[in-house]
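Below is one structure, written out as structure tokens, with a few remarks after it.
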Amino acid sequence: MFFNPVFLVREASISRIDRQDKYQRILRAGITVFARRGVFRATISEIAREAGVADGTIYLYFKNKDDILARFFAGRTEEIFARFRKAIDGADTAREKLFRLVSCHMEAFQEDREMAVVFQAETRKIHAMACQVNDISARYRDLIAEIIEDGQAEGVIRKELYIALVKRFILGAVDEVVNTWVLAEGKYDLVSMAEPLVDLFMRGIGSASAE
């Protein structure tokens, strides 16, 4: 029997594209269902139906629901942190770097509200996600620390600040603003919160006359 190598390569390429398409469809369907139903109540059948595949197809790509969740955020984390890095590197001052980081953070969640809902409301409930969520937070705090050190070098941020505390203060504030937006079902512009939030970070809440 004669085998056409070009045909075989083409078939293999089509097969890879089809597998990748199904993989991405299942990931997206998982987040859609998780956002709508919650991870604990969601079923593999619901995810399969949303993705347009058979139930058994899910298990060709993922171990279970937690695996879908973990792999979705593993991929999205790398994409979003690449955006963070580009945004920070494109700024000249510490204040601008902080604004771009916070703004980019809010843009990413506003662009994908389902992701925001799942990350804010679901990931912290899943024990298997604890290390992944902690790693994401640590990476974010590292970016904040870098900006704070730049600001101290510029003389716009106090040098006696306890950086570990400031990192958690900023991350906690941003997280709470995003969480409030999620609970409000995205009814207002999340990104518009970036400027006043960064202004609060940089100025504090005390007046000069209080010193």
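Along the sequence shown, residues carry numbers from 1. What you see is a predicted model; the values in this text were computed from it and never measured.
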Mind checking whether [X] and [Y] have side chains closer than 4.5 Å, heavy atoms only?
{"X": "Glu107", "Y": "Glu111", "answer": "yes"}
{"X": "Ile88", "Y": "Arg100", "answer": "no"}
{"X": "Glu96", "Y": "Asp92", "answer": "no"}
{"X": "Glu149", "Y": "Ile163", "answer": "yes"}
{"X": "Tyr188", "Y": "Thr180", "answer": "yes"}
{"X": "Gln110", "Y": "Trp181", "answer": "yes"}
{"X": "Ile58", "Y": "Val53", "answer": "yes"}
{"X": "Ile136", "Y": "Phe81", "answer": "yes"}

Sub-3.5 Å donor-acceptor pair from the side chain of [X] to the main-chain atoms of [Y], do we have one?
{"X": "Glu154", "Y": "Ala94", "answer": "yes"}
{"X": "Lys97", "Y": "Asp89", "answer": "no"}
{"X": "Arg113", "Y": "Phe109", "answer": "no"}
{"X": "Gln152", "Y": "Arg158", "answer": "yes"}
{"X": "Thr77", "Y": "Phe73", "answer": "yes"}
{"X": "Glu122", "Y": "Phe119", "answer": "no"}
{"X": "Ser137", "Y": "Asn134", "answer": "no"}
{"X": "Arg25", "Y": "Ala51", "answer": "yes"}
{"X": "Asn179", "Y": "Asp175", "answer": "no"}

Walk me through whether Tyr140 and Leu101 qualify under side chain to side chain contact (heavy atoms under 4.5 Å, CB included). CA-CA 9 Å; Tyr140 196 86; Leu101 173 63; 3.8 Å; yes
Can you tell whether the side chains of [X] and [Y] come within less than 4.0 Å, N to carboxylate O?
{"X": "Arg37", "Y": "Glu114", "answer": "no"}
{"X": "Arg71", "Y": "Asp66", "answer": "no"}
{"X": "Glu78", "Y": "Arg83", "answer": "no"}
{"X": "Arg95", "Y": "Asp150", "answer": "no"}

hydrophobic_cluster_shared for [Y] and [X], side chain cutoff 4.5 Å:
{"X": "Phe169", "Y": "Val177", "value": "yes"}
{"X": "Tyr59", "Y": "Val33", "value": "yes"}
{"X": "Leu200", "Y": "Met193", "value": "no"}
{"X": "Phe40", "Y": "Ile44", "value": "yes"}
{"X": "Ile147", "Y": "Met202", "value": "yes"}

So how far is it from [X] [atom1] to [Y] [atom2], rounded to the nearest 0.5 Å?
{"X": "Ile144", "Y": "Leu98", "atom1": "CD1", "atom2": "CG", "value": "7.5 Å"}
{"X": "Leu69", "Y": "Asn64", "atom1": "CG", "atom2": "CG", "value": "10.0 Å"}
{"X": "Asp67", "Y": "Lys65", "atom1": "CG", "atom2": "NZ", "value": "13.0 Å"}

What's the shortest heavy-atom distance between [X] and [Y], and which atoms?
{"X": "Thr123", "Y": "Met129", "result": "O-CB, 3.5 Å"}
{"X": "Ala145", "Y": "Lys167", "result": "CB-CD, 3.4 Å"}
{"X": "Ile31", "Y": "Val118", "result": "O-CG2, 3.7 Å"}
{"X": "Leu190", "Y": "Met106", "result": "O-SD, 3.3 Å"}
{"X": "Ala194", "Y": "Ser103", "result": "CB-CA, 3.8 Å"}
{"X": "Ile68", "Y": "Leu27", "result": "O-CD2, 3.6 Å"}

ask   = Counting only heavy atoms not in Arg124, do more than 12 fall under 6.0 Å of its CZ?
value = yes
Would Val117 and Phe34 satisfy side chain to side chain contact (heavy atoms under 4.5 Å, CB included), going step by step from the backbone distance to the final call?
CA-CA 9 Å; Val117 169; Phe34 295 155; over 6 Å; no
Can you label the angle between the His105 ring and the Phe84 ring as parallel, tilted or perpendicular, going by 30° and 60°? tilted
query: So Tyr23 and Phe62, would you call those rings parallel, tilted or perpendicular, with 30° and 60° as cut-offs?
result: parallel
| message | For the residue pair Arg19 and Tyr61, would you count it as a cation-pi contact if the rule is NZ or CZ under 6.0 angstrom from the ring centre and within 45 degrees of the ring axis? | response | no
